[in-house]
Amino acid sequence: MSGLAARAFVLLQRVLPRYLLTAIVYRVARIRSKPVKNFMIRRFVALYGIHTDEVRLPVPEGFACLNDFFIRELADGARPVDARDEAIVSPVDGTVSAAGRLRKHNILQAKGISYTLRELLMADLAGAARFGNGRFATIYLAPHNYHRVHAAVPGKLVAARYVPGDLYSVNAETVARLPGLFRRNERLILHFDTPHGPAVTILVGALNVGS
């Protein structure tokens, strides 16, 4: 996407009825009429070039609706997992868009754009301070990725907090041009106690994906 097109896309999102569009997609993706859902799944596969040989169930017959395909399981062995005790594995099948060490509780969003851990977690200073010397990774889930979330490390889920917010796209063009995007969008914050210390997995909602 060119720079002009990217800026236009971000500007368009500011005036679009984002919640209405997402609500429509929510309902369409749950249509269970066999001819309709099979057509949508086949078009989705073709549009995004999805490798159906990685999918556990037959496509499209094995799925009740497009949403079920969106959160499909993969076949055994499709993603080998590092079983070492010290390993941290990716919780999702996406692309790392940013990663590094927290600097004074700041997290890099994109070149020249950052936000604070306190804003992201909606926590007080003491709560954010637990992660002050930690590391982070931001992983982008594209439409072709399977949308399931796994544990990055062994541990115990100790809290889950929903934070209401907006539903801007989280693609690269919007991330690079909309400051504080991840603290603006709605999100589910999962806190874990692990052998390595406290950890957080944050699921950020997006345009058309807000449930």
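As the structure is a prediction and not an experimental result, all values here were calculated from the model. Heavy-atom basis, side chains included; hydrogens, waters and symmetry copies ignored.
The local environment of CZ in Phe39 is sparse, with at most 12 non-hydrogen atoms from other residues, nucleotides or ligands closer than 6.0 Å. Within 6.0 Å of CZ in Arg43 there are 12 or fewer heavy atoms belonging to other residues, nucleotides or ligands. Atom CG of Asp85 has 12 or fewer heavy atoms from other residues, nucleotides or ligands within 6.0 Å. Other residues, nucleotides and ligands place no more than 12 heavy atoms under 6.0 Å from the CZ atom of Arg161.
Residues Val170 and Val175 approach most closely at O-CG2, 3.5 Å, considering heavy atoms.
Note on Leu181 and Val15: separate hydrophobic clusters, where clusters join Ile, Leu, Val, Met, Phe, Trp and Tyr whose side-chain heavy atoms are under 4.5 Å apart, directly or indirectly.
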For side-chain hydrogen bond (donor to acceptor under 3.5 Å, both in side chains), just list the numbers for Glu54 and Tyr146, CA-CA rounded to whole Å, side-chain angles, deciding distance to a tenth of an Å, and then say yes or no. CA-CA 10 Å; Glu54 297 180 337; Tyr146 83 98; over 6 Å; no

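A donor atom on one side chain and an acceptor atom on the other are not found under 3.5 Å apart for Arg72 and His147. Side-chain contact annotation: Ser169 with Gln13, donor-acceptor N/O pair under 3.5 Å absent.
In this structure, Glu119 contributes its side chain and Thr116 its backbone to a donor-acceptor pair below 3.5 Å. A donor-acceptor pair is defined here as one N or O able to donate and one able to accept, closer than 3.5 Å; such a pair exists between the side chain of Lys37 and the backbone of Pro60. Proximity of a side-chain donor or acceptor of Thr194 to a complementary backbone N or O of Val153 within less than 3.5 Å is not detected. Side-chain atoms of Thr22 come within 3.5 Å of backbone atoms of Asn208 as a donor-acceptor pair (strictly under, hydrogens ignored). Of the possible polar contacts, none joining the Asp82 side chain to the Ala87 backbone as a donor-acceptor pair under 3.5 Å is found. No donor-acceptor pair closer than 3.5 Å links the side chain of Asn67 to the backbone N or O of Ala29. Side-chain atoms of Asp93 do not come within 3.5 Å of backbone N or O of Asn145 as any donor-acceptor pair.
Cation-pi contact between Arg30 and Tyr26: present, with separation from the ring centre below 6.0 Å and deviation from the ring axis of at most 45°. By the 6.0 Å and 45° rule, Arg187 does not stack over the aromatic ring of Tyr162.
Remark: Asp76 engages Arg56 in a salt bridge, criterion side-chain N to carboxylate O under 4.0 Å.
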